[in-house]
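A short worksheet on the structure shown next.
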There are 2 protein chains.
Amino acid sequence: MTMPRTYTRYAREAVTLLGEQIRLGRKQRRWTEKNLAERAGISRATLQKIENGDMGCAVGLVFEVAALVGVTLFDHDTPALARHTDHTRDKIALLPQRIKTGGEAVFDDF
Amino acid sequence: MTMPRTYTRYAREAVTLLGEQIRLGRKQRRWTEKNLAERAGISRATLQKIENGDMGCAVGLVFEVAALVGVTLFDHDTPALARHTDHTRDKIALLPQRIKTGGEAVFDDF
DNA sequence: GCATTAAGACCACTTTAATGATCATTAGAT
DNA sequence: ATCTAATGATCATTAAAGTGGTCTTAATGC
């Protein structure tokens, strides 16, 4: 028996909500589980896990399915998304490439 | 050789952006990879995959790490999150429990 | 009411993620 | 200039996801 992973409440609730939103989106489109699973190229069993908020599902599959039913976490516009990514990278570039922890203790709540 | 999974551009870019945002959040807090990995209870190798936008990482781990560095996809407030989930379920409850596809073809782009 | 089949739940099998480790590189601090 | 350690990368092993299958239940359409 391996001690099961623990998650923060936020992480659990966020994944749960995402799953429910996917289920809602699917039903609004009148798609069956089988139907959506086929569109996404995954098995029905996996889709069920996703809709049930299983923490272990691959993030790529979850986002893929979400997008298919119109649930977008970020901007639905991909060019805008790419720009956002570039912008984030620009901000990272302004920070030191490596964090030098002087032993320990780092809080800097900017 | 097994034909690798394909993803929509949106899904790929969304996961990439999320990874970059996590990296930015970590650096803003001056946390090293090792440091954040320990806080999240995962290995450094897995954290690197997450920050690099690996599609195969467990959604639970990604959300967990994201939350730790202040990147929240949904409302950061967990009670509000729970209410949102309930609300989504309420909306689902208004729809038929099972979709009866009269053979095939369902589009209903409401 | 009756037939159909969507959806919930399992299971054995295959594939893949997650781990802990190691090694090379080099940014950043002294 | 030198030293330290953060980061990037790879690898064998272990744990777990994803799959296709089956069986059951019961909501919906007739």
Side-chain angles (χ1 to χ4, degrees), chain A residues 1-7 15 19-20 22-24 26-65 89 92-106 108, chain B residues 1-7 15 19-20 22-24 26-65 89 92-106 108:
Chain A
M1 48 147 267
T2 51
M3 193 21 196
R5 258 211 65 84
T6 62
Y7 294 96
V15 175
E20 290 292 346
I22 288 172
R23 176 172 283 138
L24 175 60
R26 173 176 64 79
K27 293 200 169 192
Q28 285 179 330
R29 292 169 192 238
R30 318 252 168 180
W31 291 349
T32 63
E33 292 178 356
K34 178 165 169 286
N35 200 310
L36 175 54
E38 284 171 358
R39 290 170 188 261
I42 63 177
S43 68
R44 192 166 71 90
T46 300
L47 174 60
Q48 288 180 328
K49 285 187 183 176
I50 292 174
E51 290 192 350
N52 286 331
D54 186 306
M55 303 295 276
C57 293
V59 64
L61 298 186
V62 178
F63 277 44
E64 181 77 13
V65 173
R89 286 182 174 138
I92 290 176
L94 296 178
L95 297 172
Q97 297 178 46
R98 297 184 185 185
I99 312 300
K100 302 298 273 192
T101 62
E104 202 54 48
V106 258
D108 232 305
Chain B
M1 47 149 270
T2 51
M3 190 26 194
R5 258 211 63 83
T6 62
Y7 294 96
V15 175
E20 290 293 347
I22 288 172
R23 175 172 284 137
L24 175 60
R26 172 175 64 79
K27 293 201 168 190
Q28 285 178 330
R29 294 172 190 236
R30 317 249 169 183
W31 290 350
T32 64
E33 292 178 357
K34 178 165 170 286
N35 200 311
L36 176 55
E38 284 171 357
R39 291 170 188 260
I42 64 177
S43 68
R44 192 167 71 89
T46 299
L47 174 61
Q48 289 180 327
K49 285 186 185 177
I50 292 174
E51 290 193 350
N52 285 331
D54 186 305
M55 303 295 277
C57 294
V59 64
L61 298 185
V62 177
F63 278 44
E64 182 77 13
V65 172
R89 285 182 173 138
I92 290 176
L94 296 179
L95 296 172
Q97 299 179 42
R98 298 185 184 183
I99 312 299
K100 301 298 273 192
T101 62
E104 202 53 48
V106 258
D108 233 305

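Note on naming: letters A, B, ... go to the chains in the order of the sequence lines (proteins, then strands), and numbering restarts at 1 for each one.
Within the structure, every side-chain polar atom (N or O) of Arg5(A) is placed at least 4.0 Å from both OP1 and OP2 of dA17(D).
Qualifying side chain to side chain donor-acceptor pair (under 3.5 Å) partners for Thr46(B), counting only residues two or more places apart in sequence or in other chains: Ser43(B). Not counting sequence neighbours, the partners of Val65(A) by the side chain to side chain contact (heavy atoms under 4.5 Å, CB included) test are Ile22(A), Leu36(A), Ala40(A), Ile42(A), Leu47(A), Ile50(A). Annotation: salt bridge (Lys or Arg N to Asp or Glu O under 4.0 Å) contacts of Arg23(B) (sequence neighbours excluded): Glu20(B), Glu51(B). Partners of Glu33(A) by salt bridge (Lys or Arg N to Asp or Glu O under 4.0 Å), not counting sequence neighbours, listed by chain and number: Arg44(A).
When every heavy atom of Ala58(A) is checked against every heavy atom of Met55(B), the shortest pair comes out as CB-O, 3.6 Å. Closest approach of Arg30(B) and Ile99(A) over heavy atoms only: O-CG2, 3.3 Å.
The listed nucleotides are dG8(D), dG8(C), dA27(D); the one nearest the side chain of Gln48(B) is dG8(D). Side chain of Thr46(A), nearest nucleotide from dT19(D), dA27(D), dA18(C): dT19(D). Nearest to the side chain of Ser43(B), among dA7(C), dG8(D), dA18(C), sits dA18(C).
The distance from the CG atom of Leu94(B) to the CD atom of Gln28(A) is 10.5 Å, given to the nearest 0.5 Å.
With hydrogens and angles ignored, a donor-acceptor pair under 3.5 angstrom links the side chain of Arg44(A) to the base of dG8(C). Taking 3.5 Å as the limit, the base of dA5(D) and the side chain of Arg98(A) contain no donor-acceptor pair of atoms between them.
Trp31(B) has its CH2 atom 13 Å from the P atom of dT7(D), to the nearest Å. To the nearest angstrom, C1' of dA27(C) lies 17 Å from CD1 of Ile92(A). Here the P atom of nucleotide dA6(D) and the CZ atom of Arg30(B) are 14 Å apart, to the nearest Å.
DNA chain C lies under 4.0 Å from no heavy atom of any residue of residues 49-64 of chain A.
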**Asked** Step by step, would you call Leu24(B) with Leu95(A) a side-chain contact (heavy atoms from CB on, under 4.5 Å)?
**Response** CA-CA 9 Å; Leu24(B) 175 60; Leu95(A) 297 172; 3.8 Å; yes
**Intermediate values then yes/no, side-chain contact (heavy atoms from CB on, under 4.5 Å), Val15(B) and Tyr7(B)** = CA-CA 11 Å; Val15(B) 175; Tyr7(B) 294 96; over 6 Å; no
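Using a distance-only test at 3.5 Å, with no hydrogens or angles considered, a donor-acceptor pair links the side chain of Asn52(B) to the main chain of Gln48(B).
Residue pairs meeting the salt bridge (charged side-chain N to carboxylate O under 4.0 Å, His left out) criterion with at least one partner in residues 53-62 of chain B, sequence neighbours excluded, are absent.
Inter-axis angle, ends of the helix from dG1(C)-dC30(D) to dA27(C)-dT4(D), five pairs per end, rounded to 10 degrees: 70°.
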Pick out the pairs of N or O atoms, protein on one side and nucleotides 1-4 of chain D on the other, that lie under 3.5 Å.
| from | atom 1 | to | atom 2 | distance (Å) |
| --- | --- | --- | --- | --- |
| dT4(D) | O2 | Lys100(A) | NZ | 3.2 |

